[in-house]
Amino acid sequence: MPELPEVETVARGLQREIAGQRIVSLTLGKTDFIDNPEILEAELPGRTVERVERYGKFLLLRLSGAPEPEKSREEAALLVHLGMTGSLMPKGVQDERAKHTHVVMLLGDGRELRYVDPRRFGRMAYLAGKRLSDELQRFGLDPLQMSAGEFRQAIHLRKARIKALLLDQSVVRGVGNIYADESLWSAKIHPAELGARLKPERVAKLYKALQKILQRAILLKGSSIADFLDADGMPGEYQLHHRAYGREGKPCMRCKTSIRRIIVAGRSSYFCPNCQRTPRGIRRRARVKRGRRRIR
DNA sequence: CTCGATCCCTGGACGC
DNA sequence: TGCGTCCAGGGATCGA
């Protein structure tokens with residue numbers, strides 16, 4: 001599932017592959033994940049993808065200005081969220097179209113930039129000017145760009161669980177379930193711990209762990225669970241380095257205790273019950289999701 | 001402010 | 001081989 005390192009990998013690949021390319025034409029399939037398909041059809045053809053950036057878990061395709069002079073100074077971009085199963089890759093026109101190909105952009109060099117997303121949990125939107133800046137403002141700081149102080153500021157007064165805070169894109173942008181669990185394991189913090197109850201030195205430890213893990217994951221081109229591939233169609237390798245995520249029942253790589261899975265903030269959370277002690281005063285209604293009912 | 005529940009969606013895993 | 005069921009999860013939304 002594409003989180004910050006995976007989206008960064010895709011953004012770098014697309015920057016290398018398609019920056020400078022003009023979008024000649026656009027073909028849409030299913031559009032229920034697109035904010036306003038008509039605007040895409042009206043605005044994209046003729047624009048050039050000036051550069052490709054990552055913004056949290058979004059890909060930001062920065063576009064050249066509109067033909068109309070009064071609008072040409074506006075920043076314009078195509079926002080793409082890959083959701084769980086989305087991919088955005090350049091392909092040759094002759095290449096067979098994968099099932100669930102929903103957007104095809106013909107590029108100036110003859111290739112096609114294709115968006116494929118079986119579950120359509122992704123999102124696509126053309127935004128410009130104030131709409132674009134307003135949208136981007138909804139999000140918190142990038143965990144790789146924020147300072148330790150800014151990170152602490154974002155969580156130290158919050159009563160929510162630290163796992164929920166890490167996943168909240170308005171707190172920090174780009175962290176998802178995998179890297180939240182990995183950084184909490186690394187910092188030895190229980191996912192249900194409340195932000196406000198974390199001592200400053202533990203927050204600092206989490207900040208360092210998060211940055212280190214994200215940077216290392218970027219170097220390894222992300223985690224390929226499900227079907228994540230980078231812009232060259234290559235899987236990442238960070239999934240081989242997971243210490244907690246997806247390791248229920250397997251021994252903790254520090255202390256051999258069996259990794260547990262509970263639900264925190266509505267998400268599977270993998271942790272070591274020995275290294276990451278249950279905080280005092282936490283109601284332990286956090287159980288494994290709807291376990292084994294359905295008797296009969 | 002924070003929570004859980006629900007929905008969106010498809011494919012893969014699993015049981016029989 | 002095939003069918004039914006469960007489950008994954010980011011994000012929006014709603015009610016408590």
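Here is how names work: the chains are called A, B, and so on, in the same order as the sequence lines, proteins then strands, and each is numbered from 1.
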Using a cutoff of under 3.5 Å, can you pull out all pairs of nitrogen or oxygen atoms linking the protein to nucleotides 6-10 of chain B, with atom names and distances?
residue	atom	partner	partner atom	Å
B:dC9	O4'	A:Arg119	O	3.4
B:dT10	OP1	A:Arg120	NH1	3.4
B:dT10	O3'	A:His100	NE2	3.3
B:dT10	O2	A:Arg119	NE	3.1

Quick one: list whatever passes side-chain contact (heavy atoms from CB on, under 4.5 Å) with [X], sequence neighbours left out.
| X | answer |
| --- | --- |
| A:Ala180 | A:Lys163, A:Leu166, A:Leu167, A:Val175 |
| A:Leu132 | A:Arg62, A:Glu75, A:Ala77, A:Leu79, A:Leu127, A:Leu136 |
| A:Lys199 | A:Glu201, A:Arg202 |

Taking 4.0 Å as the cut-off, does a side-chain nitrogen or oxygen of [X] come that near to OP1 or OP2 on [N]?
| X | N | value |
| --- | --- | --- |
| A:Lys159 | B:dC3 | no |
| A:Gln169 | C:dG11 | yes |
| A:Tyr179 | C:dG10 | no |
| A:Thr85 | B:dG11 | no |

Residue pairs, two or more places apart or on separate chains, that pass side chain to side chain donor-acceptor pair (under 3.5 Å) and touch residues 133-142 of chain A: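 Checked against side chain to side chain donor-acceptor pair (under 3.5 Å) - neighbours excluded - the pairs reaching residues 133-142 of chain A are A:Arg54-A:Asp142, A:Arg123-A:Glu135, A:Lys130-A:Asp134, A:Glu135-A:Arg138.
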
Contacts of type side chain to side chain donor-acceptor pair (under 3.5 Å), residue [X], not counting sequence neighbours:
| X | answer |
| --- | --- |
| A:Arg247 | none |
| A:Gln169 | none |
| A:Arg51 | A:Glu53 |
| A:Arg152 | none |

Just the rounded figure in Å: distance from [atom2] of [N] to [atom1] of [X].
| X | N | atom1 | atom2 | result |
| --- | --- | --- | --- | --- |
| A:Leu4 | C:dG10 | CG | P | 13 Å |
| A:Arg138 | C:dA12 | CZ | C1' | 9 Å |
| A:Arg123 | C:dA12 | CZ | P | 7 Å |

Over 12 non-hydrogen atoms of neighbours within 6.0 angstrom of CD in A:Gln94: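 Counting neighbours around CD of A:Gln94, more than 12 heavy atoms of other residues, nucleotides or ligands fall under 6.0 Å, so yes.
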
At what angle, to 10 degrees, do the two end axes of the helix from B:dT2-C:dA16 to B:dC16-C:dG2 meet, given five pairs define each axis?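 The two end axes of the helix from B:dT2-C:dA16 to B:dC16-C:dG2 meet at 40°.
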
Counting any heavy atom closer than 4.0 Å, what does A:Arg158 reach on the DNA or RNA strands: base, sugar-phosphate only, or nothing?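 Sugar-phosphate, no base atom in range.
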
Could you write out each protein N or O paired with an N or O of nucleotides 14-16 of chain C at a distance under 3.5 Å?
none

Taking ring-ring contact (aromatic ring centres under 6.0 Å, His included) as the definition, give me every residue that meets it alongside A:Tyr126, ordered by chain and number, with sequence neighbours left out.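 Residues passing ring-ring contact (aromatic ring centres under 6.0 Å, His included) with A:Tyr126: none at all.
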
Parallel, tilted or perpendicular, as decided by the 30° and 60° cut-offs, for the rings of A:Phe139 and A:Tyr55: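 Perpendicular: the ring planes of A:Tyr55 and A:Phe139 meet at over 60°.
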
Counting heavy atoms from C-beta on, name the nucleotide in C:dG11, B:dC3, C:dG9 closest to the side chain of A:Ala164.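 Minimum distance to the A:Ala164 side chain belongs to B:dC3.
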
